[in-house]
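Please read the structure below before turning to the comments.
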There are 2 protein chains.
Amino acid sequence: MQFSSTLLEALIAEITRLPGIGRKSAQRIAFYLLRVPADEAGRLANAILELKARVEDCSICGNVTETQPCALCADSRRDGAVLCVVEHAMDVLAIERTAEFRGRYHVLKGALSPVDGVGPDQIRIRELMARVESGGVTEIIVATNPTAQGEATALYIARLMQAHPSVRVTRIARGVPMGSDLEFSDQITLARAITGRKEI
Amino acid sequence: MQFSSTLLEALIAEITRLPGIGRKSAQRIAFYLLRVPADEAGRLANAILELKARVEDCSICGNVTETQPCALCADSRRDGAVLCVVEHAMDVLAIERTAEFRGRYHVLKGALSPVDGVGPDQIRIRELMARVESGGVTEIIVATNPTAQGEATALYIARLMQAHPSVRVTRIARGVPMGSDLEFSDQITLARAITGRKEI
């Protein structure tokens, strides 16, 4: 025991398990929690317990939700003909923030990665195909990450969708990010930006 | 609402209040908690609740503890004649890790800082004097931080202790930290290192 309190040690150990939190940060957080009023610390603890008890995946899109279906699937103002396919629920947030997309989502919960044992059956590809086959979908925007796994997943989906020629399959544009310096762009990004050029 | 779950939003808001955690890190942690088994998340929540319910200050030294007095004050193998005065309970840990000190501690819970309204009555100076006056103390090692506030606190304690000439008051050495480069040492540290030089 390093502290004179095993409870403090236990909390530090639990906080250290969180992603991106080292031992020093965990200590700082634990001492912070020791200092704040009990109801503030209680709110954090209860928020964790409530989350685990009540938040689940949307039965339609796979997004996180505490209602079935989720608010985005239930929103009749959104266009059900366009599905945006993302890897994770956090990506839904990123796209929602752009306010550029008014369709619906499909969260894969991962990307194809054969070396990690992640094949089509480990992510929600089957559910995506079922949604397409139930009709009404005219476009699938594949917004998986611009990584090897994300690109492989996008290609795999595009190939599966050849069975549904009436559905357009698109991929979000890859190119130089806004506000960046060309000289700092990596080769592949710059090459993609050139091949993907558009009339102005 | 940015996510389709208000509970997730609520948890992210609570996590963002923690020190050193921004919105992005809070999101990552919240999604991590969503993914882990319920009992792992439950352990974290319960560790927070237990901490708030049962951890308090040691009635003698002010260190964090769930027993009265704390394990360090209760340990009869430690030398009660030497008190190490620190600003915060975290400093006790730092000193314990060195395994150089076998006396007892006194946690001030702060340092003098008149501009922030912290005077001698706002930190545990009175309790320190009471311990000295109850007898048995032969040395006080002042291990407050080497900052303006920590130095002022050390000087203040040294002055108070002039009423007890039998008690030696020492200050931890300030100098260049081990493993560092002289050229990167700041002026004040290097000046302290020179004036505090020792025979080798």
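Just so you know, these numbers come straight off a predicted model, no measurement behind them.
- Only the backbone of A30(B) has a heavy atom closer than 4.5 Å to any heavy atom of chain A.
- In this structure, no portion of E56(B) lies under 4.5 Å from any heavy atom of chain A.
- With chain A as partner, the option from E40(B), E50(B), H88(B) having the largest number of non-hydrogen pairs under 4.5 angstrom is E40(B).
- The existence of a salt bridge linking R104(B) and D79(B) is excluded, since no basic side-chain nitrogen approaches an acidic carboxylate oxygen closer than 4.0 Å.
- Chain A forms more heavy-atom pairs under 4.5 Å with one residue of V36(B), T67(B), N46(B) than with any other, namely V36(B).
- Between D57(A) and K109(A) there is a salt bridge, with a side-chain nitrogen of the basic residue lying less than 4.0 Å from a carboxylate oxygen of the acidic one.
- For the options R54(A), R28(A), R17(A), heavy-atom pairs under 4.5 Å to chain B are most numerous at R17(A).
- Of the two parts of T65(B), the backbone and the side chain both hold a non-hydrogen atom closer than 4.5 Å to a non-hydrogen atom of chain A.
- Chain A forms more heavy-atom pairs under 4.5 Å with one residue of L72(B), L11(B), V55(B) than with any other, namely L11(B).
- Comment: R171(B) engages E151(B) in a salt bridge, judged by a side-chain N to carboxylate O separation of less than 4.0 angstrom.
- In this structure a side-chain-to-backbone donor-acceptor pair under 3.5 Å is present from R197(A) to I194(A).
- Here E66(A) does not pair with K52(A) in a salt bridge; the nearest charged N to carboxylate O distance is not below 4.0 Å.
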